[in-house]
Amino acid sequence: MHFRGEQLRPDALLGETALFSHSQIWQAIDRLAEANGMSASGLARAAGLDATAFNKSKRATPHGRLRWPTTESIAKCLAATRTSLNDFTGLVHGGPGLQRAVPCIHLAAAGTSDLFDDAGRPAGDGWNRIDLLSVDDPCAYALQISGDAMMPVYRDGDTVIVSPAAPVRPGDGVVVKSGNDEILVRRLHRETGRKLELACFNPQLPMLTIERSDIKWMARIVWTSQ
DNA sequence: TTGCTCGGCCTTGCGCTCTA
DNA sequence: TAGAGCGCAAGGCCGAGCAA
């Protein structure tokens, strides 16, 4: 697992190598509080944290970005309730994921009309819907791969789940809308203050270097159905 | 009155980028 | 290569509203 200080790295917890999802972590905290006869705010206080630390309003930003508890906060909660890490892990996996329909579009059609807003979220008509389990990002959508240009990673007919709210790091698969409205599916190789290097999934194809100013939005691929 | 929740703003710490 | 500066993200603080 990777860490940013004491903070749980969301990208280490989501996607193809998922350990815990955002909703699972917060549900586990709610269950831990309930099991000890407390509310989430009561648990926070018992752990020596601010009573609002676990408020639902603080589990995501107003812009939809997911917020995660730190390992330090979780450790304090476990200490305050005399709960073992194993028991907490049981709470994390103790509930079924919620199923919901998400917008779905073919990659070949994704760049042909105004299917996205300025932040890369689905917009307008022309989307199908498919059912998925445990998608935390309310703006997540499915992209159906067409063609063999992304072999050997993605084949024709594969479906990738894209989360505009998920943080993007080098090495992640990403969907990028360029300045000329082209939809690109690449792997983020490197990013600097001004430029991004986007690698093709086919190693025989060249790296694409693109100015940030030439990118309308970029979203992370968090899950793949193959 | 007390406890809980919400929303906004501030503080703090860490990682990344840039530059000398 | 090291230090400065910046941006990001979580937790804390505070005021307001609501319910028991």
Side-chain angles (χ1 to χ4, degrees), chain A residues 1-15 17-81 83 85 88-89 91-92 118-121 135-140 162-174 176 186-199 207-222:
Chain A
M1 188 182 294
H2 307 282
F3 292 93
R4 174 190 172 93
E6 293 284 353
Q7 177 188 345
L8 285 166
R9 289 295 295 253
D11 39 357
L13 304 173
L14 291 167
T17 56
L19 297 176
F20 307 142
S21 72
H22 175 267
S23 61
Q24 283 176 318
I25 285 288
W26 285 113
Q27 282 176 15
I29 289 174
D30 289 338
R31 290 179 186 134
L32 180 62
E34 185 179 356
N36 288 272
M38 292 183 280
S39 64
S41 60
L43 175 61
R45 277 205 316 272
L49 302 171
D50 186 81
T52 68
F54 295 155
N55 276 2
K56 289 181 172 59
S57 61
K58 295 208 168 179
R59 300 179 184 186
T61 69
H63 307 294
R65 184 181 55 77
L66 303 179
R67 297 183 70 179
W68 296 69
T70 65
T71 51
E72 184 178 6
S73 296
I74 293 174
K76 287 179 177 177
C77 291
L78 298 185
T81 57
T83 302
L85 186 57
F88 183 74
T89 302
L91 292 173
V92 169
D118 293 340
R121 297 174 296 213
V135 178
D136 295 311
D137 182 0
C139 298
V162 183
S163 171
V168 177
R169 286 192 317 155
D172 289 338
V174 294
V176 174
R186 295 285 195 278
R187 186 176 299 284
L188 178 61
H189 177 71
R190 184 169 177 266
E191 60 179 336
T192 65
R194 287 185 290 272
K195 295 182 178 180
L196 301 180
E197 293 182 5
L198 301 173
M207 183 88 67
L208 172 66
T209 301
I210 186 168
E211 298 276 348
R212 282 185 184 272
S213 58
D214 287 337
I215 293 177
K216 291 188 173 179
W217 50 259
M218 177 167 63
R220 180 170 162 239
I221 297 172
V222 297

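Naming: A, B, ... by sequence-line order, numbering from 1 per chain.
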Tabulate atom names and distances for all N/O pairs under 3.5 angstrom spanning the protein and nucleotides 1-7 of chain B.
| residue | atom | partner | partner atom | Å |
| --- | --- | --- | --- | --- |
| B/dC4 | OP1 | A/Ser39 | OG | 3.1 |
| B/dC4 | OP2 | A/Arg45 | NH1 | 2.8 |
| B/dC4 | OP2 | A/Arg45 | NH2 | 2.9 |
| B/dC4 | O5' | A/Ser41 | OG | 3.4 |
| B/dT5 | OP2 | A/Ser41 | OG | 3.0 |
| B/dC6 | OP2 | A/Lys56 | N | 3.3 |
| B/dC6 | OP2 | A/Ser57 | N | 3.4 |

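- Under the side chain to side chain contact (heavy atoms under 4.5 Å, CB included) criterion, A/Leu78 pairs with A/Leu32, A/Ile74, A/Thr83, A/Leu85, A/Phe88, sequence neighbours left out.
- A search for side chain to side chain contact (heavy atoms under 4.5 Å, CB included) contacts involving A/Ala40 returns A/Asp30, A/Phe54, A/Arg59, not counting sequence neighbours.
- Spacing between atom CZ of A/Arg59 and atom C1' of C/dG11 amounts to 14 Å, rounded to whole angstrom units.
- The nearest whole Å value for the distance from the CH2 atom in A/Trp68 to the C1' atom in C/dC8 is 17 Å.
- With sequence neighbours excluded, the residues that form a salt bridge (Lys or Arg N to Asp or Glu O under 4.0 Å) with A/Lys216 are A/Asp181.
- The side-chain heavy atoms of A/Val176 and A/Arg186, taken from C-beta on, include no pair separated by under 4.5 Å.
- Checked against side chain to side chain contact (heavy atoms under 4.5 Å, CB included), A/Asp50 has the following partners two or more places apart in sequence or in another chain: A/Thr52.
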